[in-house]
Amino acid sequence: MIRTWHPLYKSVRSCLSVQCISWHKTSNKLKRFAYFWPPVNLRYYSTTVTITPLTRVNMNVFKFLDYDCIGFDLDNTILRYNVTNMVHLMYETLANYLITEKGYDPHYLSRPLEDKDLDFIQKGLVLDFERGNLLRINADGIIQRACHGTKLLSIEKIKEIYPGQRWDATDDFCNDMLSTWNGPVSMKMRSLLDYFDVPSSLIFAKLIDTLDKIQGGPLNGYNIWPDMLDGLIEMFDRDHFELDRGHFFPSLKKNPDKYMHKCTAKTITWLQKLKKHRITFLITGSNADFVDFIASYAIGEEWKSLFDIIICYAKKPAFFTENRPFLQVTNYRENDIVESKNLKQGGLYSQGNWKGLVEFFEYVSGKQNPRCLYVGDNLIQDIYVPNSHVQCDTVAVVEEQMSEGMMHQRLSHLDEKVLNSTLWGSYFCLKDSKTNMDSLWGYIIKKHSKLCIPEIDLIAQEPLDKSYLSFSEDGKKYDGYYPAVPLSISAF
């Protein structure tokens with residue numbers, strides 16, 4: 001139903017989380033981009049999981065204990081970042097690379113970020129590489145809002161550029177995400193899916209403004225994305241964490257308190273309790289050394305004891321759809337292939353695949369086809385793909401739910417200036433004088449997740465056996481937002 005650009009940095013997404021390896025064709029060659037990649041010393045922990053028999057499941061009600069195996073992403077899911085400081089760090093790192101290594105005019109790029117710059121940023125925007133435009137689309141692929149560089153386009157101009165407010169690339173994107181993940185369409189567009197992607201939108205827009213200023217008007221075509229991609233590859237090169245190279249990883253290692261929030265005691269206790277009753281697992285796109293660093297900081301040195309198995313550098317979404325082997329990890333480095341039947345409880349591995357992981361679950365639980373749940377923030381890699389391709393239920397973690405405000409809730413978000421955008425509107429819906437509809441991402445949340453929460457800590461305050469109203473299978477209701485429906489869609 002959608003496509004997103006290869007998880008570039010979710011790990012830090014990837015995404016930070018080297019969420020996966022993405023292949024992009026630049027000029028006439030394929031370039032490989034990896035998110036973060038942290039490995040960790042492989043240790044085995046002996047754990048005992050007591051799985052109580054499951055009762056008949058009410059599909060309109062969600063309970064964690066209705067599942068045999070419950071997994072989590074790490075970045076922006078269990079571990080929360082100071083998004084404002086991270087955006088500044090990534091923006092400065094990429095802008096400096098483009099100026100010093102690619103020779104771009106520093107006129108716009110070198111200016112300190114202002115409130116209007118932060119307001120320009122939003123997750124989920126689509127980049128049209130050749131035209132220099134940024135697009136916001138609905139679930140049907142209709143382009144509802146667009147900018148050329150940082151300049152907002154009128155609806156008349158959008159229709160002139162994109163007849164019928166449509167573009168074949170975004171149509172493909174909405175019809176089948178994975179069909180556009182690689183190949184020709186990936187050279188036309190990219191969707192920015194998480195907080196490690198979003199600085200790219202502002203960089204892209206400012207480069208378009210710079211070129212238009214030099215030219216005296218819009219160009220017939222633009223080719224800046226290959227240079228940006230080189231900069232992103234350089235920034236998130238997984239070897240740089242160990243070697244302390246570049247600006248990004250050294251800054252994070254030097255001042256972790258500036259960029260990361262520690263998990264609350266409630267969250268850690270909740271995860272400990274969950275592991276006593278169910279099989280728990282971690283799937284992250286980050287490399288093992290980075291994972292160990294950030295998890296030790298945020299959770300504590302015994303973080304591995306919270307999970308029955310840990311998968312690093314998982315290369316989502318391919319982890320769910322392909323058959324890459326599991327690799328042992330020793331001293332943060334990948335070693336020998338491990339057959340799924342030889343995976344150890346308490347082990348930490350790299351790469352791998354969902355099918356093999358389920359075989360491990362079956363062995364540990366003693367059940368055929370155990371019910372699985374995955375909790376993550378990236379709406380493509382963590383929500384859409386596992387739900388639509390391997391029938392794994394999901395819970396979406398979307399911090400905008402808190403930053404935009406919820407019905408009858410007084411919760412606030414420290415990074416609301418970055419997460420909220422008056423230019424683009426609500427993350428969850430699209431509104432103008434004539435329309436009031438779900439955004440593409442609002443639709444994905446309802447269609448492919450059971451529950452949407454702004455942070456795990458809110459769930460951690462509730463008993464494990466608590467029941468929650470979930471999104472309906474027809475995707476028409478909003479009951480799955482917890483603790484409340486976002487204000488922007490409360491009038492739907």
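Computed from a prediction, not measured in an experiment: that's the story for all the values here.
- The line from CD of E302 to CD1 of I268 is 11.5 Å long, rounded to the nearest 0.5 Å.
- Y67 and K450 are not linked by any side-chain donor-acceptor pair at a separation below 3.5 angstrom, with hydrogens and angles left out of the test.
- Within the 3.5 Å criterion, the main-chain N or O of E234 finds a donor-acceptor partner in the side chain of H240.
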Check: Is there a side chain to side chain contact (heavy atoms under 4.5 Å, CB included) between L458 and I453 once you walk through the steps?
Finding: CA-CA 8 Å; L458 291 177; I453 60 175; 5.9 Å; no
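- Around NZ of K262, the count of heavy atoms belonging to other residues, nucleotides or ligands within 6.0 Å exceeds 12.
- No donor-acceptor pair under 3.5 Å is formed between the side chain of Q381 and the backbone N or O of A318.
- The backbone N or O of I121 sits nowhere less than 3.5 Å from a side-chain atom of S201 that would complete a donor-acceptor pair.
- Not one N or O on the side chain of D393 forms a donor-acceptor pair closer than 3.5 Å with the backbone of L373.
- Residues W441 and S191 approach most closely at CZ2-OG, 3.4 Å, considering heavy atoms.
- Looking at W270 and D457, their side chains never bring a donor and an acceptor atom within 3.5 Å of each other.
- Side-chain polar atoms of N387 and T394 form no donor-acceptor pair below 3.5 angstrom.
- Note that the OG1 atom of T284 and the CD1 atom of I311 stand 10.5 Å from one another [nearest 0.5 Å].
- Heavy atoms from other residues, nucleotides or ligands lying under 6.0 Å from NZ of K417 number 12 at most.
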Check: Can L327 and Y313 be said to form a side chain to side chain contact (heavy atoms under 4.5 Å, CB included), step by step?
Finding: CA-CA 10 Å; L327 300 177; Y313 190 28; over 6 Å; no
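- Side-chain atoms of Y363 and K341, non-hydrogen and from C-beta on, never get closer than 4.5 Å to each other.
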Item checked: F196 and F236: CA distance, side-chain angles, deciding distance, ring-ring contact (aromatic ring centres under 6.0 Å, His included) verdict -> CA-CA 10 Å; F196 305 103; F236 299 121; 7.4 Å; no
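- Remark: side-chain polar atoms of Q345 are not paired, donor with acceptor, to backbone N or O of V364 under 3.5 angstrom.
- A 6.0 Å sphere centred on CD of Q391 holds more than 12 heavy atoms belonging to other residues, nucleotides or ligands.
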Notebook entry, point to check: After noting the C-alpha distance and the side-chain angles of D308 and K275, does the key distance pass the salt bridge (Lys or Arg N to Asp or Glu O under 4.0 Å) rule?
Noted result: CA-CA 8 Å; D308 289 289; K275 185 171 181 288; 3.8 Å; yes
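- Within 6.0 Å of the NZ atom in K355, the count of heavy atoms belonging to other residues, nucleotides or ligands does not exceed 12.
- A distance-only check finds no donor-acceptor pair linking the side chain of Y332 to the backbone of E242 [under 3.5 Å].
- With rounding to the nearest 0.5 angstrom, the OG1 atom of T77 is 6.0 Å from the CG atom of D382.
- Panel note: side chain W424, backbone F120; a donor-acceptor pair is recorded below 3.5 Å.
- Of all heavy-atom pairs spanning E334 and S350, the tightest one is OE2-OG, 2.6 Å.
- A donor-acceptor contact closer than 3.5 angstrom links the side chains of E399 and H413.
- In terms of heavy-atom proximity, I383 sits nearest to A396 at CD1-CA, 3.7 Å.
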Notebook entry, point to check: Which is it for D239 and R245 under the salt bridge (Lys or Arg N to Asp or Glu O under 4.0 Å) test, yes or no, and what are the steps along the way?
Noted result: CA-CA 8 Å; D239 292 334; R245 288 181 181 172; over 6 Å; no
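- Rounded to the nearest 0.5 angstrom, L440 CG and I137 CD1 are separated by 5.0 Å.
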Next item on the list: Would you check, one step at a time, whether the test side chain to side chain donor-acceptor pair (under 3.5 Å) holds for N335 with T330?
Entry: CA-CA 7 Å; N335 287 312; T330 305; 2.9 Å; yes
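- Counting heavy-atom neighbours within 6.0 Å of L411 CG, excluding the residue itself, gives a total above 12.
- Contact annotation: the side chain of W354 approaches that of C372 to within less than 4.5 Å [non-hydrogen atoms, C-beta and beyond].
- Heavy-atom minimum distance, S200 versus L94: OG-CD2, 4.4 Å.
- The closest side-chain heavy-atom distance from L192 to F204 is not below 4.5 Å.
- Side-chain N or O atoms of R278 include none that pairs as donor or acceptor with a backbone N or O of K273 at under 3.5 Å.
- In this structure, CZ on F248 lies 5.5 Å from CG on L252, to the nearest 0.5 angstrom.
- With sequence neighbours excluded, no residue forms a ring-ring contact (aromatic ring centres under 6.0 Å, His included) with Y97.
- Annotation: side chain of L127 is in contact with side chain of L134 (closest heavy-atom distance under 4.5 Å).
- The aromatic ring centres of F428 and Y481 sit less than 6.0 Å apart.
- Looking only at atom types and distance, the side chain of N76 has no donor-acceptor partner in the side chain of Y81 under 3.5 Å away.
- Within the 3.5 Å criterion, the main-chain N or O of S403 finds a donor-acceptor partner in the side chain of N420.
- In this structure, Q272 contributes its side chain and S305 its backbone to no donor-acceptor pair below 3.5 Å.
- Between Y482 and L469, the closest side-chain pair of non-hydrogen atoms is not below 4.5 Å.
- To the nearest 0.5 Å, atoms CG (L357) and CD1 (I309) are separated by 5.5 Å.
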Next item on the list: Determine, step by step, whether S340 and F360 satisfy the side chain to side chain contact (heavy atoms under 4.5 Å, CB included) criterion, reporting the C-alpha distance in whole Å, the side-chain angles of both residues, the deciding distance to 0.1 Å, and the verdict.
Entry: CA-CA 6 Å; S340 59; F360 166 81; over 6 Å; no
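- The shortest side-chain heavy-atom distance between V338 and D336 does not fall under the 4.5 Å cut-off.
- Ring centroid separation for the pair F361 and F281 comes in under the 6.0 Å cut-off.
- Between D415 and Y195, the closest side-chain pair of non-hydrogen atoms is not below 4.5 Å.
- Minimum heavy-atom separation, C312 to S286: CB-O, 3.4 Å.
- Side-chain atoms of I78 and L282, non-hydrogen and from C-beta on, do get closer than 4.5 Å to each other.
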